Protein chains: 2
Amino acid sequence: MAAHQDPAQRVRRPPTILDVASQAGVSKSTVSNVVRGLPGVSDATRRRVRTAIEQLGYRPNVLARQLVQQRTSILGVVVGDLANPFFAEMAKSVERHAAARGYTAMFCNTEGDSQSELAGVETLLEYRVAGIVFLAFSGESRTMQETLEHQVPVVFLSCKADWGDVVSVDDVRGGRLGTSHLITAGHRRIAYISIPELEDQSDIARWQGYCEALEQARIEPPIRISWSPPSDHALVSGVDRKLLEVFTGPDRATAAFGSNDVAAISLQEFADRVKLRVPQDLSIVGFDDVPMAGLARIGLTTVAQPRDELAKLGIATIADRIERKLKGPPRTTLVGVSLVTRQSTGPPPEGL
Amino acid sequence: MAAHQDPAQRVRRPPTILDVASQAGVSKSTVSNVVRGLPGVSDATRRRVRTAIEQLGYRPNVLARQLVQQRTSILGVVVGDLANPFFAEMAKSVERHAAARGYTAMFCNTEGDSQSELAGVETLLEYRVAGIVFLAFSGESRTMQETLEHQVPVVFLSCKADWGDVVSVDDVRGGRLGTSHLITAGHRRIAYISIPELEDQSDIARWQGYCEALEQARIEPPIRISWSPPSDHALVSGVDRKLLEVFTGPDRATAAFGSNDVAAISLQEFADRVKLRVPQDLSIVGFDDVPMAGLARIGLTTVAQPRDELAKLGIATIADRIERKLKGPPRTTLVGVSLVTRQSTGPPPEGL
DNA sequence: GCAGCAGGTTGGAACGTTACAGGTTTTTCG
DNA sequence: CGAAAAACCTGTAACGTTCCAACCTGCTGC
C-alpha cells in the first residue's frame, strides 16, 4: 500500500543539466544558454529545453556555477547581536537590498566577541563570499585586516574601522546632538553609558561627540559608565552599586546619554526599578531610534539613524566594489542623524 | 611610492590545494587528508603541509568540497520577519545551534508573503541546502510541499504544516492557558487579536485554544480581530474604528488575547493612545514572551515559549534527518508553555 | 556553383575539491 | 633473509557548471 512507502524519506538526487540535455535532445551547452537566457538559441529549441526543465524540475546548482565562475553572489553579513532590535532591523534591510541586487545574504552572529567574529569571517571566506558587510566590528582591526585585505571587498555599515569602505552616520555629530539636547535642557551632570559588548569605534566616536559637547559648554568632567544590563530584564539586580552611586549619590548625574537605545532603555528600566522618575529625576537620551523607542510607554528621546538608507548605501557600495564599478581607495560615506524628542528628557530637578 | 599602490583594490586569487601541495612537495591528496585531519599521514609530512598552508594562507573552498561531496552544510532558515523580536531571538538561537553542529545558516526573510517565501525557498534549493528550517510558514502548503518533498529535509520550528517534522509548543494549550487566565480573573468578553501577516497554522491553533477555553466557560461568542498595527508606532491612527468599537463600544470587550506579543504590545499601545488603562479598563495577554514584554513599563502577561529549547530541538531534528539518524514518517515534537503573569492583566472593571 | 557568412549547436577543458584504487616504501615477524 | 603487513603517499576520476573554440548548416550574392 502507498501508505507504507514513507514518502518523507526518499530523497532523490536533483536532476542535472545533463539530464535536461538528453531529455530535450540537445547538448548541455545549449541548456546552459537557455537557462542563462543567452541569445543564439532558436525559439524551437528554447521551447523544447524549457519544457524539459519543467518536466524534470531542474534547478541549476549554484555551487557548481560559482565554482567555475570563480565568484559567488553570496554576501557575508557580520552582525553583533541579532536579538538587538537595531541589528535586527538593519539585518532585515540589508537582506532586502542585497536580494534586490541579486545577492544572497549569509549572516554571522558574533555576540560582540572578537573571537567568534574572526571565526565567522573565516567561515564566510571559506564560502568565497563576494563581499563582507560588517554591521558591527569589534575593532580587532589588525588581525581582521590581515585576513581580509586583498581577499574580498568589505564595507563597515553603521560601524567603523580605519580601513575598508565605511557607510555610517556621523557618530560624533550624533553624540554632540544628543548631549547638547540635554545641556540645553539645563543638565550639568550628564553620564555617558554604554554596553561593554557593543563598545566599538562607533561608540568611541559617540563618546567623543559627547565630550566635545560638554567641553563646549565648559562642563567637566565627562562621566563614563560601562554597564552590562542583566539579560533577563525581569531580574535587574536591584542594587547595581555603580549605577546607584552615579545616579543617586552625592553630586549625582541628572541625565544620561546612552551609546545606543538598548543601553538607554536598560537604564530606563533600572531607573523604573529603583524608583527614579524619568524624566523628572533622570533624563535619558538614546541612539538609534529602534521601533520600541517610539512606544508611548517607552517614549525615548534618541538620535535616529536612517536605517534603510544606510543599508541601501552600504549594499550599493559593496556591490559596486564587487562589480569593479567603484575603484580607488576606501571611501567613507556619512549620512545625517536627527534627534527625535520624546518623553524621556526634560529639565533637571530644581536646584541641580 | 607604496602609497600609490591602492592596496584596497588588488584582489588576488586565493591559493588552492594544488599550490599548497607543490609548496609542501606532496600530492594534493595528502594535503586534503591533512586538512580534513584524516589519519595515515606521517607527522613530518603533516607538519610540512601545515606550514605550507600557514605560509600561503590557504583556506579550503567549501563550494568545491560540497560539489564533490554532493551535500552542503548550509541550513536554510525561512523567517517571517527578522524585525519581530520573537523571530530575531529564534533566528539567533537557531544560528547558534546550527553552528554548533557544523552547519551554516542562510536566512531568508519573507515578510509573511507566500510569494517571497516561495522565491526564498527556491534560492535555498539552488544552493542545495542540506535542509530547511521554517520559522514561519504561510501555509501555502501544497505548492511548497510539491517543491520540497523528496528534495530536502524540512522542519517547521515554532510553526506548523501538515507534513514534515514539526517542533513547536502546544499552541492549543497555550491559547487555552492565556484565555483561562483572563476568564479566571473574571472576564466575560474577551477578544482574540492577531496580525494578518502572521496568521498561520500556529495562529489557528492558538485561536482554537482560545475558543475551547471560552466554550468550557460557556462564554459565547468568540471575537476575532485581525489588525495591522501601523508600522510606525508613533503614528497609531488614533481612530482605528474597528478597535475602538470592540473595546469602547456597547457590550465592549474587557480583555484581549494577542496571538503573539507584537500584536499584544501594539494593542497596548493603542490602548495607551486612546486612554484606555491597562489593566483597569482592558486586560491584555500575549504569546511568546519576547524580552521586551518583561520591561517594567510594558509588563505584559504572556504565554512563554522556551525559545532556546525549541531551537535546539529543531536543529537536532533536522540534523538527524540530514544525517539519516532519524528515519520514518514526519514527527511532531511539542514542548511545554508557561504563563508569565505581569501587570497587563487584572479583574474586569466593576459591573462588566 | 561556390566562397563567405551568420545563426545555431556542440564537445572538451576548466573550476577546486574528495574518493578511492592503486603504488611505494618501511616495518614486522617467522 | 624474505615475504607479508602496515604505513604512507599518489594519480585519476568524478561533481555540475560555464566558457570558448570549433563545427555544422543553410543561405546570400556574385
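Below, chains carry the letters A, B, ... as their sequence lines are ordered, and counting in each starts from 1. Keep in mind the model is a prediction, meaning the values are calculated, not measured.
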Do any side-chain nitrogens or oxygens of [X] fall under 4.0 Å of OP1 or OP2 in [N]?
X      : N       : result
S32(B) : dT18(C) : yes
Y58(B) : dT17(C) : yes
T16(B) : dG16(C) : no
R13(B) : dG16(C) : yes
R36(B) : dA19(C) : yes

Start with the C-alpha distance between S32(A) and R36(A), add both sets of side-chain angles, then the distance that settles side chain to side chain donor-acceptor pair (under 3.5 Å), and finish with yes or no. CA-CA 6 Å; S32(A) 173; R36(A) 288 178 299 155; 3.2 Å; yes

Minimum-distance nucleotide (side-chain atoms of [X] versus [options]):
X      : options                   : answer
Q69(A) : dA14(D), dT18(D), dG11(C) : dT18(D)
Q70(B) : dC15(D), dG16(C), dG11(C) : dC15(D)
V68(A) : dT17(C), dT17(D), dT10(C) : dT17(D)
V41(B) : dC9(D), dT10(C), dT17(D)  : dC9(D)

Looking only at side chains, do S93(A) and D308(A) share a donor and an acceptor under 3.5 Å apart?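 Yes, D308(A) and S93(A) have a side-chain donor paired with an acceptor closer than 3.5 Å.
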
Go through the side-chain N and O atoms of S116(B) and E111(B) and say whether any donor and acceptor fall under 3.5 Å apart.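 Per modelled atom types, S116(B) and E111(B) side chains form no pair under 3.5 Å.
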
Just the rounded figure in Å: distance from P of dT18(C) to CZ of R65(B).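 Atom-to-atom, R65(B) to dT18(C), this comes out as 5 Å.
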
Between R48(B) and K28(B), which is nearer to the 5' end of DNA chain D once each is assigned its nearest nucleotide?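 Looking at DNA chain D, the more 5' nearest nucleotide goes with R48(B).
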
Which pair of heavy atoms, one from G40(A) and one from R46(A), lies closest together, and at what distance?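 Between these two residues, the closest heavy atoms are N-NH2, 4.4 Å.
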
With a non-hydrogen cut-off below 4.0 angstrom, is [X] in contact with a base, only sugar-phosphate, or nothing?
X      : value
T30(A) : base
V26(B) : sugar-phosphate
S29(B) : base

Determine whether any donor atom in the side chain of S42(A) lies under 3.5 Å from an acceptor atom in the base of dG8(C), or the reverse, and answer yes or no.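 No.
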
Name the orientation class of the two ring planes belonging to F156(A) and F137(A) (parallel below 30°, tilted from 30 to 60°, perpendicular beyond 60°).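 Plane angle between 30° and 60°, so tilted.
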
